[in-house]
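Okay, so here's the structure we're looking at.
Along the sequence shown, residues are numbered consecutively beginning with 1.
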Amino acid sequence: MDWLGQMLGLPQSFLFSGTGGGVIQGTTCEAILCTLVAARDQMLAKVGRENIGKLVFYGSDQTHCALLKAAKVAGLECKNFRAIKTMRSTAFQLSAESLRTTIRLDVEAGLIPAFLCATIGTTSTTAVDPIRSLSEVTKEYGMWIHVDAAYAGSACICPEYRHFIDGVENVNSFSFNAHKWFFTTLDCCCLWVKDPGALTKSLSSSAEYLKNNASDSKQVVDYKDWQITLSRRFRSMKLWLVLRSYGVEHLRNFLRSHVKMAKRFQQLVESDNRFEVVVPRNFAMVCFRVLPTTLKKEPNGYNIESGNIEAKLIDQEYANDFNRNLLETVNASGKVFMTHTIVEGIYVIRFAVGATLTEDKHVIKAWKVVQETVDGMLATI
C-alpha cells in the first residue's frame, strides 16, 4: 500500500512510513462504509450519541449510490443525505459554494454536518470534484471528507494527471479500485486513511480468543480492525504481481495509451456533425450521443428548430429513444459493448477504453459499427 501510495504521490500522512496507512478492501462500498462509520463515531464522540439522527452526510447528484447504502448499514437517516445538484454547464462537478450553502441551511436547522464524499471520476461521466476547495469548506465544520477515486485514481500515477487529486493532503481518506483500471482482478479496493486510529476505534474487536502478542505489541498491522469482517482474502498478492510484472513506467504507459485511444474516439465523434460529445472527456471514457437535430422526423408535428419549449422536450425524448435503440443495436451486434447513463434528462452512450488487449484498430472498428448502425436507423425514419 505504501508503494502504491508513493506512485500516486499521496502525502506521508497517508502512508505507514508516515502517520497513516492503507488497507485493501473488497469494493468501494466497503471503503465508504468503513470511513462513514469512523466519521460517525468521531462526530458522535463530540456531540453525543443521542444526536445520531441529526448527522448529515453529503455528496453530489453524481455520487455513487454506495454512499446511501453505506448510510443505511451505518444506521444513519437516509433523509439526511444531501445529493447536491450539479450541472452540465460545469461538467457535473460539485461546487464548493453549493456545498457551503447546503451545509449552512442544515446548521440553521439544528443538524450536524458530518461527512462528505467527493469523487474523482464519477460513474456517469467521469466528472472530477475539486478536492481542495471542497476540503476548505469541510474544515470549517470539522467534517470527515472521503475521496472516492474508484475509476480515475489509477490515472493519477501519471504525473500529468496527478493534478486531479490536488488537495488530497487535506482529506481524511482516499480510495481507488485497482480492479477497475489497474489490471487487477476483482476484488481489490485500495483505501488509505490519515488517522488509522479513527478507523480501528470504530471497527476493532477484542475477544480473548483473538488476542496475540504480535498484535498487542503493534509488531503487525492487525487488519481485522480496518474492515468489516474478521477474516480477509489474500488480495495483496494479485496487486503485488501487477506492480512487479508491469513496473511503474509500463503501467503509466498502458494508462496513457488508453487515454490516447479515447481521445481518438472523441475526435472521430467530433468529426461527424450528427453526433456530439456530451461532457468533456477527462480520462479514457467518451460520453456521446446522436444530436436531436440529426433526426429528420418531426414528432407530433413540432419543428426541431423551433423555439417552442414543449417541442424541445419532445425532441429530447425522441432523441433519447433513438440513442437508446442505437446502443441496444450496437451491443446486440456482438462486435462492441458500450454502456449508458442519463444526465440532465439526456440519454448518453459511454465508450470506455480499459482492457489490456485494446488497440487503436478496435477503437476505429467500434466507431464504424456506430456509424453504420446510425446510417441504417436513419434510413428507416
Heavy atoms of Gly121 and Ala152 approach each other most closely as CA-CB, 3.9 Å
Salt bridge (charged side-chain N to carboxylate O under 4.0 Å, His left out) for Asp166 and Arg162? Distances and angles first, verdict last.
CA-CA 7 Å; Asp166 281 354; Arg162 174 58 175 73; 3.3 Å; yes
So, for Ala70 and Leu36, which heavy atoms are closest and what is the spacing to 0.1 Å?
C-CD2, 3.8 Å
Measuring centre to centre across the rings, with the benzene-like ring taken for any Trp, is Phe174 within less than 6.0 Å of Phe14?
no
More than 12 foreign heavy atoms under 6.0 Å from CG of Asp375: is that the case here?
yes
Ion pair present between Lys260 and Asp360, side-chain N to carboxylate O less than 4.0 angstrom?
no
Testing the basics here: between Leu94 and Pro130, what is the closest heavy-atom pair and its distance to 0.1 Å?
O-CD, 3.1 Å
Closest heavy-atom pair, Ile32 versus Ala66, reported as atoms and distance to 0.1 Å, is CD1-CB, 4.1 Å
Over 12 non-hydrogen atoms of neighbours within 6.0 angstrom of NZ in Lys180:
yes
Tell me if the NZ atom of Lys238 is crowded by more than 12 foreign heavy atoms within 6.0 Å.
yes
Using the benzene-type ring in the case of Trp, are the ring centres of Phe275 and Trp367 under 6.0 Å apart?
yes
May I ask you to decide if the ring planes of Phe16 and Tyr223 are parallel, tilted or perpendicular, using 30° and 60° as cut-offs?
perpendicular
Salt bridge (charged side-chain N to carboxylate O under 4.0 Å, His left out), that's the test. Do Lys194 and Glu169 meet it? Break it down for me.
CA-CA 9 Å; Lys194 194 179 278 185; Glu169 66 275 7; over 6 Å; no
For Lys263, look at atom NZ and say whether over 12 heavy atoms of other residues, nucleotides or ligands are found less than 6.0 Å away.
no
Aromatic plane relationship, Phe164 with Tyr161 - under 30° parallel, 30 to 60° tilted, over 60° perpendicular:
parallel
Are Tyr151 and Phe176 an aromatic pair, judged by ring center distance below 6.0 Å?
no
With side chain to side chain donor-acceptor pair (under 3.5 Å) as the test, would you mind laying out the steps for Asn172 and Thr35 before giving the verdict?
CA-CA 9 Å; Asn172 301 85; Thr35 53; over 6 Å; no
For Arg233 and Asp187, run salt bridge (charged side-chain N to carboxylate O under 4.0 Å, His left out): C-alpha distance rounded to whole Å, both residues' side-chain angles, the deciding distance at 0.1 Å, then the answer.
CA-CA 10 Å; Arg233 296 169 58 190; Asp187 50 10; 3.0 Å; yes
Residue pair Asp41 / Ser202: nearest heavy atoms and the distance that separates them:
OD2-OG, 2.7 Å
Do you know which two heavy atoms are closest between Cys34 and Leu199, and how far apart they sit?
O-CD1, 3.5 Å
Ring centres under 6.0 angstrom apart (Phe351, Phe288)
no
Do the rings of Phe283 and Trp181 sit parallel, tilted or perpendicular, given the 30° and 60° boundaries?
perpendicular
Will you find, in the side chains of Arg350 and Thr339, an N or O donor that is under 3.5 Å from an N or O acceptor?
yes
Aromatic ring proximity, centroids under 6.0 angstrom, Phe115 and Tyr58
no
Counting the benzene-type ring for Trp, do His340 and Tyr347 have ring centres under 6.0 Å apart?
yes
Testing His250, Arg256, Glu249 one by one against Asn253 for a side chain to side chain donor-acceptor pair (under 3.5 Å), which residue passes?
Arg256
